[in-house]
Structures are given as structure tokens and as C-alpha cells.
**Q** 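The structure's right below; bear with me while I get my questions together.
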Amino acid sequence: MDSRDDIGRGEGESAFHENFQAEMEAERIAEALVFASSQPVSEAFIADRLPRNFNVRAVMLRLKEQYAPRGVNLVQVDDAWAFRTAADLSFVIRRDDNEVKKLSRAALEVLAIIAYHQPVTRAEIEDIRGVQTSRGTLDVLMEAGWVRFRGRRRTPGRPVTLGTTRDFLDHFGLEELRDLPGLEELKGAGLLSGRIPANFNIPSPLMSDELTEDEDPITQMDLEELGLLAPGGASED
């Protein structure tokens with residue numbers, strides 16, 4: 001056999017070994033970053049810390065597959081990743097100390113409307129529900145971290161638009177908003193009456209966090225007006 005073939009094979013094996021080691025190192029770094037964070041870690045954050053120009057999504061999908069049969073799973077939350085207890089083992093984890101206060105029916109209705117109709121204003125929520133929505137109901141959802149102010153609608157009065165957050169997806173085990181249950185799923189779960197109108201339909205939620213054409217970004221002045229910042233830009237205690 002030609003010695004040049006042996007040299008070529010050796011170089012090829014060496015390159016394969018180096019690539020394999022680099023991929024393993026990338027997976028270890030990504031795994032460590034997600035493990036060390038109490039919040040879902042964005043792919044952009046991970047990409048900035050990998051040693052080479054890796055395909056972050058491919059790295060994370062490989063890790064997700066590796067963790068799939070284990071007691072802890074790597075789950076996708078929008079464009080971020082987090083470790084979570086496997087769904088079939090959640091019953092063995094005690095969460096008495098971290099039990100979220102049960103939401104009222106009004107809060108659940110408002111949360112559902114925001115999730116499916118975002119971006120949506122308070123007036124639009126009230127129009128859909130047919131009753132007024134108290135500020136306290138929205139405060140509960142915002143304190144839980146599931147609802148946020150998106151922008152301001154380009155209509156008279158410039159009402160604030162509302163949308164859901166990444167924490168909302170994380171809490172309810174959704175990778176993205178398109179994973180929200182549809183009409184048949186809601187009926188199957190008994191969450192809709194069997195006597196709903198024939199023309200009733202479930203809207204498709206907005207998939208992007210970017211402002212729509214009829215929304216303006218919220219400015220510091222808007223935050224002060226909404227009571228989220230003290231005059232001058234200092235956060236309220």
C-alpha cells in the first residue's frame with residue numbers, strides 16, 4: 001500500500017478526532033451554561049461563549065436527545081433552553097414551598113385572552129370577556145411574570161398592548177406559542193362547553209415578539225406614566 005494513503009488516512013482520522021473533541025467541548029460548555037442558570041438560557045448567549053462558530057441549535061438538539069430518557073430533560077423555551085424535571089416524574093418532586101397561588105377564574109380568562117390574542121389592549125380584553133378587568137387581575141399576572149407590556153397602539157389614547165413572556169412558556173411547558181392547545185384539544189380537555197357557537201374559533205397567536213405595524217415601543221416617559229418608573233428614570237421600590 002502506498003505510504004501516501006497511510007498519511008492521508010492518518011490526517012483524516014486526526015481531523016475527525018479534532019472535530020469530535022471540539023463538538024464534545026461545545027456540548028459540555030452549553031450544558032454547563034444551562035445548568036448554572038436558574039432561567040432559560042438564550043441560544044445567542046450560548047453562541048457567544050462557544051470556542052468556534054458552531055451551529056448552536058444542532059448542539060442543543062444533540063444534548064436534548066441525550067437527556068430525553070433521563071430524570072432531567074433539556075427543554076426548549078422559545079429561543080432559549082433550560083433543564084427541567086421529566087414530566088412523568090413531576091409527582092415525586094415536592095413543591096409545597098414554591099406553590100403558585102391559584103389564579104382566579106377572571107385571571108385565567110384574561111391570561112388566555114392575552115395568550116391567544118396578543119398584542120391586545122385592556123379595552124379589547126374587556127370587549128372579549130364582556131366585563132371590566134380590574135387592575136388587580138393584571139397585576140397578579142404581571143407579578144407572576146407571565147404577562148408584560150409590549151408597546152402602545154397607534155390609536156387615539158395610545159393604549160398599552162399586552163403579551164405573554166418567556167416565563168409563561170416555561171411555566172406551562174410550551175416551546176413556543178404555536179404549542180398552545182387548539183379548539184379540539186380544549187374541547188377534549190373539557191375546557192370548552194359542548195354548546196359553543198358553530199362559528200366559534202380559536203385565534204392563532206402572534207409568533208413574534210417584534211412590534212406590529214400599529215404598535216410603538218414603550219419609552220421611559222411611558223413607563224413613568226404607567227407608574228413603573230419614578231420621575232427621572234429611577235425604579236420604584
Side-chain angles (χ1 to χ4, degrees), residues 38-40 77-78 80 82 90 94-174 176-177 179-181 183 185-186 189-193 196 200-212 214-237:
S38 61
Q39 299 293 326
V77 184
D78 198 10
S90 60
R94 293 182 59 85
R95 296 185 178 179
D96 297 345
D97 295 336
N98 299 315
E99 190 70 27
V100 177
K101 182 179 179 180
K102 186 175 181 180
L103 293 179
S104 66
R105 177 170 179 172
L108 286 172
E109 289 177 355
V110 171
L111 180 61
I113 292 171
I114 294 174
Y116 283 97
H117 292 265
Q118 59 187 304
V120 62
T121 66
R122 180 173 173 177
E124 291 166 344
I125 294 172
E126 293 175 347
D127 184 57
I128 294 171
R129 294 187 64 221
V131 295
Q132 286 190 333
T133 299
S134 71
R135 177 60 186 266
T137 298
L138 288 174
D139 286 345
V140 167
L141 296 176
M142 289 188 170
E143 287 172 5
W146 298 340
V147 170
R148 66 184 177 89
F149 292 128
R150 283 177 49 95
R152 304 204 77 157
R153 186 69 54 76
R154 293 177 182 173
T155 56
R158 300 183 65 245
V160 175
T161 56
L162 300 162
T164 54
T165 66
R166 180 183 290 166
D167 284 347
F168 166 79
L169 296 176
D170 189 23
H171 181 83
F172 290 97
L174 305 171
E176 52 189 1
L177 287 173
D179 293 328
L180 285 167
L183 179 60
E185 292 172 295
L186 291 173
L191 298 176
L192 289 178
S193 167
I196 58 177
F200 180 83
N201 62 80
I202 300 292
S204 298
L206 184 71
M207 293 303 300
S208 174
D209 283 338
E210 295 183 3
L211 298 177
T212 59
D214 65 345
E215 288 180 287
D216 286 322
I218 290 182
T219 65
Q220 179 173 308
M221 185 177 297
D222 292 326
L223 294 176
E224 293 177 3
E225 179 184 331
L226 295 168
L228 301 180
L229 285 181
S235 299
E236 289 188 333
D237 294 332

**Q** Could you report the tightest heavy-atom contact between Asp170 and Pro40, atom names first, then the distance?
**A** OD2-CG, 3.7 Å
**Q** Between CD of Glu215 and CZ of Arg158, what distance do you get to the nearest 0.5 Å?
**A** 11.5 Å
**Q** Donor-acceptor pair, Arg148 side chain versus Thr164 backbone, under 3.5 Å?
**A** yes
**Q** So which pairs with a foot in residues 108-122 pass salt bridge (Lys or Arg N to Asp or Glu O under 4.0 Å), sequence neighbours left out?
**A** Arg105-Glu109, Glu109-Arg129, Arg122-Glu126
**Q** Under the criterion side chain to side chain contact (heavy atoms under 4.5 Å, CB included), which of Leu103, Leu162, Val140, Ile125 is the partner of Val110?
**A** Ile125
**Q** Where the side chain of Asp127 meets the backbone of Glu124, is there a donor-acceptor pair that is under 3.5 Å apart?
**A** no
**Q** If we ignore hydrogens and angles and just use 3.5 Å, is the side chain of Arg152 paired with the main-chain N or O of Thr219 as donor and acceptor?
**A** no
**Q** May I ask you to say whether Asp139 pairs ionically with Arg135, meaning some side-chain N is under 4.0 Å from a carboxylate O?
**A** yes
**Q** What do the steps show when you test Thr212 against Asp214 for side-chain hydrogen bond (donor to acceptor under 3.5 Å, both in side chains), and what is the final call?
**A** CA-CA 5 Å; Thr212 59; Asp214 65 345; 2.6 Å; yes
**Q** Find the distance between CG (Leu141) and CD (Glu143) and round it off to the nearest 0.5 Å.
**A** 9.5 Å
**Q** Just how far is it from atom CD1 of Ile114 to atom OG1 of Thr121, taken to the nearest 0.5 Å?
**A** 10.0 Å
**Q** What's the spacing between Asp78 CG and Asp167 CG if we round to 0.5 Å?
**A** 11.0 Å
**Q** Flag the pair Asp216 / Leu211 as yes when at least one side-chain heavy-atom distance between them is below 4.5 Å, and no otherwise.
**A** no
**Q** Between Thr161 (side chain) and Arg153 (backbone), is there a donor-acceptor pair under 3.5 Å?
**A** no
**Q** Would you compute the distance between atom CZ of Phe172 and atom CG of Asp179 and round it to the nearest 0.5 angstrom?
**A** 14.0 Å
**Q** Any non-hydrogen side-chain atom of Leu177 less than 4.5 Å from a side-chain atom of Phe168?
**A** yes
